[in-house]
Protein chains: 2
Amino acid sequence: MSTGHHEASWRLPGSDPAAGTDVRHFQAMARTAERGTFDSVFFADSPALAADVRRRPAGALDPTVLLTAIAGATERIGLIATASTTYEEPYHLARRFASLDHVSGGRAGWNVVTTASEDAARNFGRTALPSHAERYARAGEALDVVRALWDSWDDDAVLADKGAGVWGDPDRVRPVEHRGAAFSVRGPLDVPRPPQGHPLLVQAGSSPDGKDLAARYADAVFTAQQTLEDAQAFADDLRRRAAGLGRDPWSVRVLPGLVPVLGATTAEAREREEELDRLIVPEHALRQLAALLRVAPDELSLDRELPAVLPDEESVEGMRSRYALVVSLARRERLTVRQLIGRLGGGRGHRTFSGTAEEVADTMLAWWRSGAADGFNVMPPALPSGLEEFVDQVVPVLRERGAFRSAYAGTTLREHYGLPRPADRRSRGARVPGQAVPAVAGVPA
Amino acid sequence: MSTGHHEASWRLPGSDPAAGTDVRHFQAMARTAERGTFDSVFFADSPALAADVRRRPAGALDPTVLLTAIAGATERIGLIATASTTYEEPYHLARRFASLDHVSGGRAGWNVVTTASEDAARNFGRTALPSHAERYARAGEALDVVRALWDSWDDDAVLADKGAGVWGDPDRVRPVEHRGAAFSVRGPLDVPRPPQGHPLLVQAGSSPDGKDLAARYADAVFTAQQTLEDAQAFADDLRRRAAGLGRDPWSVRVLPGLVPVLGATTAEAREREEELDRLIVPEHALRQLAALLRVAPDELSLDRELPAVLPDEESVEGMRSRYALVVSLARRERLTVRQLIGRLGGGRGHRTFSGTAEEVADTMLAWWRSGAADGFNVMPPALPSGLEEFVDQVVPVLRERGAFRSAYAGTTLREHYGLPRPADRRSRGARVPGQAVPAVAGVPA
């Protein structure tokens, strides 16, 4: 959300409730993150209006439009936009992210989502959410098509021979000729190969299907984890799945969400957290929680725990991993609905790291050293103030301890993440139609 | 094309054959156009790679990404992006153009196309081009949905009442509940109403279906006309159709394409035109012409006229108005294939205005005074040089004669075109579901 990840942040005196359509607000935040040498900025997205416009700022600019506008206001920081494989065509996706990569000089990333929202389904000719299995099968096929389209031009396809009047080499620009269950796409893409080869691929679903998709395709994974142990188990599981598919398990960056609440003292941080929670209108939040849990609002009571019987996880078609996380958090800590709302309103399931800058940095380093995190998705409760505080207070501590860069070493998002640029099809030795196997020198034909 | 509208422009010594993916090239051109107080910049588009990459620079950045990048480098100029109703979802289109309008402060325009390309069809699961009738029916429905989505928020829907904890007014954000032949879209849009109310709608098809679509929806029409008489007849026809639908016939701006070739003398201009035509590789262009005419390449001969028998216009499913224009140009002037290629390579069917700056300005004013044009789509044969020459040489003449602005009066594209901002649904007096008719003061209930 434009004013912060805490749902009541828009009510703070310093918040701009119209920030969501103000591109300068986002450009300024990205420059702050760039000052803190962050790898990237990232925006979650779903192509549907949140059901209740009373509760908090609703609506969001199209992510690739927003990230392109941010590209022009920044120099180095990566730009990760969310887009749905369920409601978009892979040709458009491949083209849009290739374009963002060209415009930004190799800073584009795509957070691949399958969009677990009935409201979104109804904006695209569906009467109900497509099944979990259907959405993930389609996502895998879409990713195959998108990557093939990015590879449909070799890096050196443009000859630009003005004298001979030959611009491109038709042997180095090939159709993809994909015919699958969900898509038929001929190609080639109408954009030359992106600067990064493939824009960075990010995945955020934590269901088994989501983890399999991430293990197969993702360069980075955003995840919501409440405890160090859960985060370790998630990272281990993901790396095991990646290794099982023949990938280097350390080539996937695991990035848990982190909601930093900072104070000059631990007590002050705790007080700021409570101040935000007091701004939540509990009736709004209760309706939202009831929708997530698939129960009627009157089955929940603010000062009691969740009902003993809730829908079976396997029957939940959308937001399955979020459903499981919320129920397990409430059960484990025996939270009342009101307490649960506070926890979710602050971090929406992500872990709150509360305390002084040193304490927050300590916790981050503990997660990092234990293998629970390769990095973090920093989600300040209030924006832009929480980001500025993080950059001014926590980043210097991390730098002092030698755990974080002081300047960008590379120019592309892949370089920030320490990931290689995928070679083009010809360099990978793929057989090119119509091209003979090169003759070995010295051996007569 | 990035290097100019003449197909051989990329071969000129000053041209950058890699300009198509260089956003700075486009930003610099837009700033030149802004110096010339142009209404807008505009890019044609089709989501498919031109068949022959040898012939000329191929591939193009996604139009909304490109226009967003240009928005950040300019202040006032309008930004018209092309997008296809045949291969895009109206929800995404509405959101993307609303976002571009927000990011640019009300400078967005959408050139609505139905994409007459078999190559595009094959990138989106089709084996052949959808019929002309199907594409235009879908376009009309898509436009109804997109306009309804833009109107799904009233202008004053955001209350931002921090004290009460109420952000938006649910009575002023309504679903659209569209259920039609091609689309079912519930809405509301997840972006507040655009600054212009509706981003400017542009249409460019000149078939009867295209003109009907323009008469119903368009704020501006781009058209290719070779003669003053044809342009007058086109404008008259379009205004008659608009009036027949109850619209003010002068509320549609008619903008023929104009390919300016400038010289210090008439002879020098003519020589520059010939220089460009000599750079065309005729074999490349002949293949392209054959594809447009639906004949085999060997049925065409460079130094003969077109074959006497060609496919019937009614049987042509794609690019029908362009097909008719090319055949009629060739027949009327008895052009050989080589001559025809020269004419099409220079302006692709648009009228070349060749001569000194004064001569070009004279011709423009003659077209304008006769009602053949409300303005022009200026398509320089070589870019950026041809645009710079036009701005430095022709624009001052037009300004001296009192026919063109010296500074922008407004800030939005609608203001540049002298068109009103569409009122929101509530201000239009539309009945709002659940809202009673206001009681008349003084009359007891």
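The figures that follow rest on heavy atoms only: side chains count, while hydrogens, waters and symmetry mates do not. Throughout, protein chains are lettered first and strands after them, A, B, ... in sequence-line order, and every chain is numbered starting at 1. Remember, it's a predicted structure, so these values are computed and weren't measured experimentally.
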Any side-chain heavy-atom pair of R186(A) and E118(B) under 4.5 Å: no

4.5 Å side-chain heavy-atom contact, L49(A) and W153(B): yes

Say you draw a straight line from CG of L100(B) to CG of D62(A); how long is it, rounded to the nearest 0.5 Å? 9.5 Å

CG-CD distance between N123(A) and E89(B), expressed to the nearest 0.5 angstrom: 9.5 Å

Applying salt bridge (charged side-chain N to carboxylate O under 4.0 Å, His left out), name anything that partners R95(A), two or more places apart in sequence or on another chain. D190(A), D45(B)

Which atoms of [X] come close to chain A, meaning under 4.5 Å heavy atom to heavy atom: side chain ones, backbone ones, both, or neither?
X       : result
L149(B) : neither
V191(B) : both
P13(B)  : backbone
D119(B) : side chain
A160(B) : both
F26(B)  : neither
V166(B) : both
L189(B) : backbone
A8(B)   : neither
H178(B) : neither

Backbone N/O of [Y] and side chain of [X]: donor-acceptor pair under 3.5 Å:
X       : Y       : value
R54(A)  : D169(B) : no
R11(A)  : G163(B) : yes
K162(B) : S15(A)  : yes
S184(A) : G125(B) : no
W167(A) : P17(B)  : yes

When only pairs under 4.5 Å are counted, which of A60(B), P188(B), A121(B) shares the most heavy-atom pairs with chain A? A60(B)

What option among P175(B), G187(B), P47(B), P57(B) has the most heavy-atom pairs under 4.5 Å with chain A? P57(B)

Please determine which of V23(A), L61(A), L66(A) meets the side-chain contact (heavy atoms from CB on, under 4.5 Å) test together with H102(B). L61(A)

Sole residue of P194(B), P195(B), P192(B) in side-chain contact (heavy atoms from CB on, under 4.5 Å) with T21(A): P192(B)

Nearest heavy-atom pair of V281(A) and A164(B): which atoms, and what distance? CG2-O, 4.4 Å

Just wondering, are more than 12 heavy atoms of other shown residues or ligands nearer than 6.0 Å to CD in E177(A)? yes

Name the member of D161(A), V158(A), L279(A), D52(A) that forms the most heavy-atom pairs with chain B at distances under 4.5 Å. D161(A)

Greatest number of heavy atom pairs closer than 4.5 Å to chain B - which of Q27(A), R126(A), R96(A): R96(A)

Which atoms of [X] come close to chain B, meaning under 4.5 Å heavy atom to heavy atom: side chain ones, backbone ones, both, or neither?
X       : value
L12(A)  : backbone
A120(A) : neither
V103(A) : both

What pairs with H92(A) under ring-ring contact (aromatic ring centres under 6.0 Å, His included), at least two apart in sequence or on another chain? F124(B)

